[in-house]
Amino acid sequence: MTFEEIKNLDEQYVMHSYSRFPVAVDHGKGATLWDIDGKAYIDFTSGIGVASLGHADEGWLKAVTGQAVKLAHISNLFYTAPYAQAAAKLCQRTEMSNAMFANSGAEANEAMIKLARKWSFDKYGKGRGTVITLHNSFHGRTITTLAATGQDKFHDYFFPFTEGFRYADANDMDSVEAVAGHDVCAVMLELVQGEGGVLPLDRDFVQKVADLCAKRDWLLLIDEVQTGVGRTGTLFAFQQYGIQPDVVSFAKGIAGGLPFGGILANEKCKHVFSPGTHGTTFGGNPIAAAAACHVLERMNEDFLASVQKKGHYLRTQVEEMALPCLGATRGLGLMIGIEVKGGRTNRELAALLIDRGLLVLTAGSGLRFLPPLTITQEEMDQGLAIIRETLG
């Protein structure tokens, strides 16, 4: 098919809930993609942080196809090995107690919110279901996770939203205390606010929130949909903050390109969900779980150290360019935000870079880089050269 044929099908038959760039991607290898016409692109997006091992990774393909020829799906009414193995790998590397699997980040965060409210109901009864989140946060696009999202622009159209959320300012304990109350059951944080602009929270603030949760008997919920599974240079970002969550969510990169997500709970929360209190048909799907097992096996200490090294390299190189339209960088590991300056918007800069062969993302008012964690030195340098030549 030609680009125009694909575009025409999209315009006629697909709901336009996304504003697409004029590129029809056909195939990829590593951190390089080719469009339908054969033009190459360096990928600094990894499908918004999903293709953690890059495109067409041989080990990932072997894990996925090996499971696909055995069993694609059977439901959670029966046992299968892949989901149990994935749960064990996650718990053993995080000191969490058990896992529940879902299909996406929003669904994982829904499960986390439900668990917090049931935990509080089981212990305290009704009237204690409020969750504190942060302004500028993003937790998903379902009705409840939109309500949890602390950005006014998402609180429109879809009324009535789920009740039971209040918002505090990031890195401001006085703001957290101001919205506290006897009806609170949990605080829910992104340790790096991804969609809000790639804004890491202060370590001291996060530790004080954890202390307050322990003091008030609230649950500490950590949304690692974007930061988890190696993205920040540790398996989970909370491992860099000196805290141990009660519940943590994950998705995106966990299965290297397949829809998969879930939550991990600590010892006091491990039995909150009993049979029938929560579920999802595709959660723990054998093919996706087999992919997740492979992804987790790849993320050893050397792999994670390389993510930190690559992130430092990209940030340093961008800052040393001293381009008039780009400012300071921020982030952790290969989750990088870049300030945009001057008269052009981040969307305009992204369009220019994509046209020249570098796929990038936007976040807040800046640019965002989420390349595959396996990106090579050559691919990083090719992407940096496009930035320098296009925006210099």
Side-chain angles (χ1 to χ4, degrees), residues 25 28-33 41-64 86 89-90 93-94 105 190-192 194 198 200 223-240 248-262 288-318 329-338 358-361 363 367-384:
V25 178
K29 182 67 177 177
T32 304
L33 295 164
Y41 298 81
I42 300 300
D43 183 13
F44 276 16
T45 74
S46 63
I48 317 184
V50 169
S52 51
L53 300 182
H55 306 284
D57 177 84
E58 291 183 5
W60 181 87
L61 286 169
K62 184 177 180 180
V64 169
K89 292 177 187 297
L90 284 163
R93 295 183 62 177
T94 59
E190 297 168 280
L191 297 176
V192 183
V198 191
D223 174 353
E224 296 237 25
V225 168
Q226 191 167 153
T227 56
V229 197
R231 174 57 55 184
T232 65
T234 47
L235 189 63
F236 284 90
F238 77 77
Q239 294 168 317
Q240 298 182 49
V248 59
S249 63
F250 57 88
K252 289 193 180 288
I254 181 66
L258 297 180
F260 203 55
C293 285
H294 179 75
V295 169
L296 292 168
E297 288 166 3
R298 294 277 289 276
M299 292 192 178
N300 57 29
E301 290 185 8
D302 289 342
F303 184 101
L304 295 171
S306 75
V307 171
Q308 295 192 30
K309 182 178 179 181
K310 291 171 185 178
H312 176 75
Y313 178 76
L314 285 175
R315 290 181 61 182
T316 300
Q317 291 296 306
V318 169
T329 67
R330 53 187 177 263
L332 293 175
L334 282 171
M335 185 176 181
I336 300 170
I338 306 171
L358 176 65
L359 303 188
V360 299
L361 300 163
L367 294 176
R368 175 175 41 158
F369 295 168
L370 299 173
L373 306 183
T374 54
I375 190 170
T376 65
Q377 184 68 45
E378 180 181 5
E379 288 167 327
M380 288 192 293
D381 286 339
Q382 288 176 342
L384 291 166

Member of Ile336, Ile338, Ile48, Val360 meeting the side-chain contact (heavy atoms from CB on, under 4.5 Å) criterion with Arg368: Ile48
Value rounded to 0.5 Å, distance of OG1 in Thr94 from CG in Leu235: 7.5 Å
Taking Arg93's backbone N and O only, do any of them form a donor-acceptor pair with Gln239's side chain (distance below 3.5 Å, no angle check)? yes
If I compare all heavy atoms of Gln240 with all of Thr234, which pair ends up nearest, and what's the gap? NE2-OG1, 3.0 Å
On a heavy-atom basis, which atom in Gly28 and which in Ala56 lie closest, and how many Å separate them? O-CB, 3.5 Å
Is it the case that the side chain of Arg231 and the backbone of Gly333 share a donor-acceptor pair, with hydrogens and angles ignored and the cut-off at 3.5 Å? no
Mark yes or no for whether Trp60, through its side chain, and His55, through its backbone, hold a donor-acceptor pair below 3.5 Å. no
For side chain to side chain contact (heavy atoms under 4.5 Å, CB included), just list the numbers for Val25 and Tyr41, CA-CA rounded to whole Å, side-chain angles, deciding distance to a tenth of an Å, and then say yes or no. CA-CA 9 Å; Val25 178; Tyr41 298 81; 6.0 Å; no
Interatomic distance, Ser46 atom OG to Leu373 atom CG [nearest 0.5 angstrom]: 7.0 Å
Among Leu358, Leu370, Leu367, which residue satisfies the side-chain contact (heavy atoms from CB on, under 4.5 Å) criterion with Phe44? Leu358
Would you find a donor on one side and an acceptor on the other, under 3.5 Å apart, between the side chain of Gln317 and the backbone of Met380? no
Looking at Lys252 and Gly228, would you say the former's side chain and the latter's main chain have a donor-acceptor pair under 3.5 Å? no
For the side-chain contact (heavy atoms from CB on, under 4.5 Å) test, which of Leu258, Ile254, Val229, Asp57 pairs with Val295? Val229
Inter-residue atom distance Ile375.CD1 - Leu314.CG, 0.5 Å rounding: 6.5 Å
Spell out, as yes or no, whether a donor-acceptor pair under 3.5 Å connects the side chain of Glu224 to the backbone of Val248. no
Which atoms form the tightest heavy-atom contact between Pro200 and Val198, and what is the distance? CD-O, 3.5 Å
What are the two closest heavy atoms between Gly30 and Pro372, and how far apart are they? O-CG, 4.2 Å
Do Thr374 and Phe303 come within less than 4.5 Å of each other through their side chains, counting heavy atoms only? yes
Working to the nearest 0.5 Å, report the span between CD of Glu297 and SG of Cys293. 6.5 Å
